[in-house]
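Just below is one structure, and these are the notes that go with it.
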Amino acid sequence: MTPTFSHQEHEDQIYKRWEESGAFNPDTQKNADQLKAPYTILLPPPNANASLHAGHAMFVIEDILIRYHRMLGQPTLWLPGTDHAGFETQYVYEKHLSKQGKSRFQFDRETLYKDIYAFVEENSGTIFDQLKKLGFSCDWSRATFMLDEKVVSTVYATFAQMVKDGLIYRDNYIVNYSPKSGTTFSELEVTYVERQDPLYYIKYGPFTIATVRPETKFRDVALAANPEDPRYKDYIGKTITFDGLLGPVEMQVLADPEVDMEFGTGIMKVTPAHDAHDFALGRKYHLPVTPIIDFQGKMDFSWYLSDTAKKDSLYLERAQKYHGKKVAEARKLIVEDMTAAGMILKVDDKYVHNVATDYKTGSDIEPMVMPNWFVATKKLAAPAIAAAKNGDVTFVPDRFESTFYQWLENIRDWPISRQIVWGIRIPIWYSVNDNPNLSVTFLDKEKQRVTGVISELTKTYSLTDIRSGLQALRAPVDAQFKLSSESPGEEYLPETDTFDTWFSSGQWPLTTLGYPNSDDFQKFYPTQVLDTMWDILFFWVARMIMFGLYRAGKVPFSTVYLHSMVTDEKGAKMSKSKGNVINPIELVDKYGADALRMSLVAGSSPGNPIALSESKVRGYRNFSNKLWNIARFIILAKQETKANQKLQSEDEEFLKELETLIQGTTGNIEKYRFSDAALGLYDFVWNRLASDYLEKTKTREDKEVVFSTLHQAFSQCLLMLHPFIPFVTESIWTEWQKEGLAPDEMLITSPWPTG
RNA sequence: GGACUCGUAGCUCAGUUGGUUAGAGCGCAUCAUUCACAUUGAUGAGGUCAGAGGUUCGACUCCUCUCGGGUCCACCA
């Protein structure tokens, strides 16, 4: 044995031996007692084309649990997989395209999908190799990709069931639309940023209204004031007339108690098409929805320009000037014109408000009305709340239980359609005969983009050409549709929207285990622990609980463990822009996987951040070396053991402490106190066993007693340390096997000490 | 605006239902030895446990308030 432990020399071959031994697979795991309850964890699927970051390394918690339960002799399954990460991946691919001077709009959706698939395939696989470097004992034979056939078929079956149960509906709804990304975002994916914008006080006949968005004024459909407001009482229910930039305007004044008398001037305009609050108000009072911004984020005045008959040339000129301009640009022009016309009474330059932005690109979100597929969530949420209340699912740390309720009790319906190609297509088809007003965008034979209404387009193009060049289809909210994974016939065009990523990943426990009839599902569902970071508690964990209960009638896991967020050494969140990202693989190469694993576990507690630093990793590398040298010392001190050895009191006391350690470590793992377990072992081995007992007994005459005590104690420590630092412990075990100091069974499948 | 969380040694953090002189790692200082390990060993310095008040025989631990970080949710045109 070398004087220092060289992780490079051992880690890869140890991993190979574990894998070849069949230990990772519950069907071939040698020590599995099939009569015992299986133990299962699903690895939260990283993006297929991702590479490892420090957050993934935190899944070491799962490896500890898996290895511990494997050593208890349970059939143990840690099922890995990868996510297609719809939006994320398409975004990466688009950047890749733009480097080649191309854009996604040059491809029909089917070709684009195939290209992205190939791209992902080429860039996938590295994440698994990296997880292996960390020593993760996943059953790779069961690895699942989010777009695998078995996943898609289960997702389709769930969707069909939900349609049948009336949980799916189509609606025109105000959504968070990002013109830049060209898709809708859920409430969770929108980031609000504080910003200072001018607040304009605009003259509206007898009133003054305050707004940061003067460009939408042309499509206001009403005014609203608080019924208690004495300033406007007399106007309520009346229609007022005044001159706007595009001619005379007539508008009704509504009374609504939600209007804040304190804000601005106490009277507001109502623009249902471009504001969530106004949309709700519009619904309440049955106001028309009148858009003025299109899906490219440009001003659309065609509603005004289409009828030029009775309009003043000045008005027409203005409308033409604004038409087709980007929102920000149009706002500038409109403010100029309003100022010139004396309509702007005051501008508050210091107005600070929160603006919704696209969490990915940072550009502004436009609230827009569009047809969407929705999941009615109330009925799904109720059983999930009940499951947590009656303890079917518990949270570590438990304070997350209340945030879980808070979210589920206020859950909103979930828009599940995404206007992107990369994902699982919603299995819906529209008959062009039944739906003459389908709006369609496709590439013709010359690869030119054509957009129009299907009843018109079919006069010029064949349906086959439209179908094969299809990019996007927008069906009216009341369109007739057919649910089917395959095309139901010649006259059908497919829905082009895909499911929100979380719609499929929310079914991960069902899809990976083969709901409803596979052996795996019968055996491993429900799983035991779901370990992830708290940031996706709602996105993902809550959805899995809802889907699990909905389809299988049981929560998919009994414990939700919310592991630490890995930060840099100063406690700051790692991010590329800050330049403080620590690459875990570099640390593994330098100090070994064990050292990194210990660093992430020791001193971390669930739900709280954990600071990672190189010096900490170095310290735990030294611990690996310490173990290695204790093992060497014991080999050198090897003695024939005699029967009826007489222990001295220091031996007995030492072994008693070992006993306490075993109980403590076991208890700590069972209670998810991994840091305590790891630090307890660290302290015992280094301080009690090596610095204290080993040093004190060097001069003892009864060497065989000392040897056997040390040998026994250190063996037990190796067993208990194995889930935390598997490589060095297994390496030592192998050396000891050569010396006849360890049994033949590999450490990974050796029995956990019972004390 | 609402909720959660943290504030303990220079740094990063433990401190399990309140109980004797508050702990670890790293860093620092001094010394030792090449002994299985210099990726070592020994010794040591360093904390009014953010502040104030309260409950208690007793508070780092429980309660209230204040100050200061962090996170999440909601969001007023």
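A note on names: the letters A, B, ... follow the listed sequences, proteins ahead of strands, and every chain is numbered from 1.
A close approach under 4.0 Å does not occur between any side-chain nitrogen or oxygen of A:Tyr200 and OP1 or OP2 of B:rA77. Using a 4.0 Å cut-off, no side-chain N or O of A:Lys269 falls inside it from OP1 or OP2 of B:rC76.
The 5' end of RNA chain B is approached more closely, in terms of each residue's nearest nucleotide, by A:Asn629 than by the other of A:Arg621 and A:Asn629. Looking at which nucleotide of RNA chain B each of A:Gly603 and A:Tyr351 is closest to, the 5′-most match is held by A:Gly603.
A distance of about 15 Å separates the P atoms of B:rG58 and B:rU21, rounded to the whole Å.
A:Arg673 comes within contact range of at least one nucleobase, with a heavy-atom separation under 4.0 Å. Here A:Arg399 lies in heavy-atom contact (under 4.0 Å) with sugar-phosphate atoms only. Among the atoms of the strands shown, none is found under 4.0 Å from any heavy atom of A:Ile634. Contacts of A:Ser604 with the nucleic acid, taken as non-hydrogen atoms under 4.0 Å apart, are absent. Contacts of A:Ala210 with the nucleic acid, taken as non-hydrogen atoms under 4.0 Å apart, include base atoms. Counting any heavy atom pair closer than 4.0 Å across all strands shown, A:Ser605 reaches sugar-phosphate atoms only and no base atom.
The side chain of A:Lys626 approaches B:rU40 more closely than any other nucleotide in the set B:rA77, B:rU39, B:rU40. The side chain of A:Thr211 has B:rA77 as its nearest neighbour among B:rA77, B:rA36, B:rU5. When the nucleotides B:rA77, B:rU5, B:rC37 are ranked by their closest atom to the side chain of A:Val259, B:rA77 comes out on top. Of the candidate nucleotides B:rA77, B:rC37, B:rU16, B:rA77 has the atom nearest to the side chain of A:His353. Closest to the A:Lys698 side chain, of the nucleotides B:rA3, B:rA36, B:rA14, is B:rA36.
For the residue pair A:Leu408 and A:Ile385, the shortest heavy atom distance occurs at CB-CG1, 3.6 Å.
For B:rA36, its base sits under 3.5 Å from the side chain of A:Glu695 at one donor and acceptor pair at least.
For the residue pair A:Asp413/A:Thr377, the side-chain donor-acceptor check at 3.5 Å is satisfied. A:Asn687 and A:Tyr682 share no donor-acceptor pair across their side chains, judged by distance under 3.5 Å alone. For the residue pair A:Asp594 and A:His7, no side-chain donor N or O sits within less than 3.5 Å of a side-chain acceptor on the partner.
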Go through A:Phe684 and A:Phe654 one step at a time and tell me if the ring-ring contact (aromatic ring centres under 6.0 Å, His included) criterion holds. CA-CA 10 Å; A:Phe684 183 86; A:Phe654 176 60; 5.6 Å; yes
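In this structure a side-chain-to-backbone donor-acceptor pair under 3.5 Å is missing from A:Tyr232 to A:Phe207.
Nucleotide B:rC4: paired with B:rG70 (Watson-Crick or G-U wobble, both distances less than 3.5 Å). Pairing partner, B:rC28: B:rG44, with both Watson-Crick or wobble hydrogen-bond distances short of 3.5 Å.
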What protein N or O atoms touch nucleotides 22-27 of chain B N or O atoms at under 3.5 angstrom, if any, and at what distances?
residue: B:rC26; atom: O2'; partner: A:Ser615; partner atom: OG; Å: 3.4

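Aromatic ring orientation, A:His10 versus A:Phe5: parallel (interplanar angle below 30°, classes split at 30° and 60°).
Heavy-atom neighbours of A:Gln8 CD from other residues, nucleotides or ligands within 6.0 Å: above the threshold of 12.
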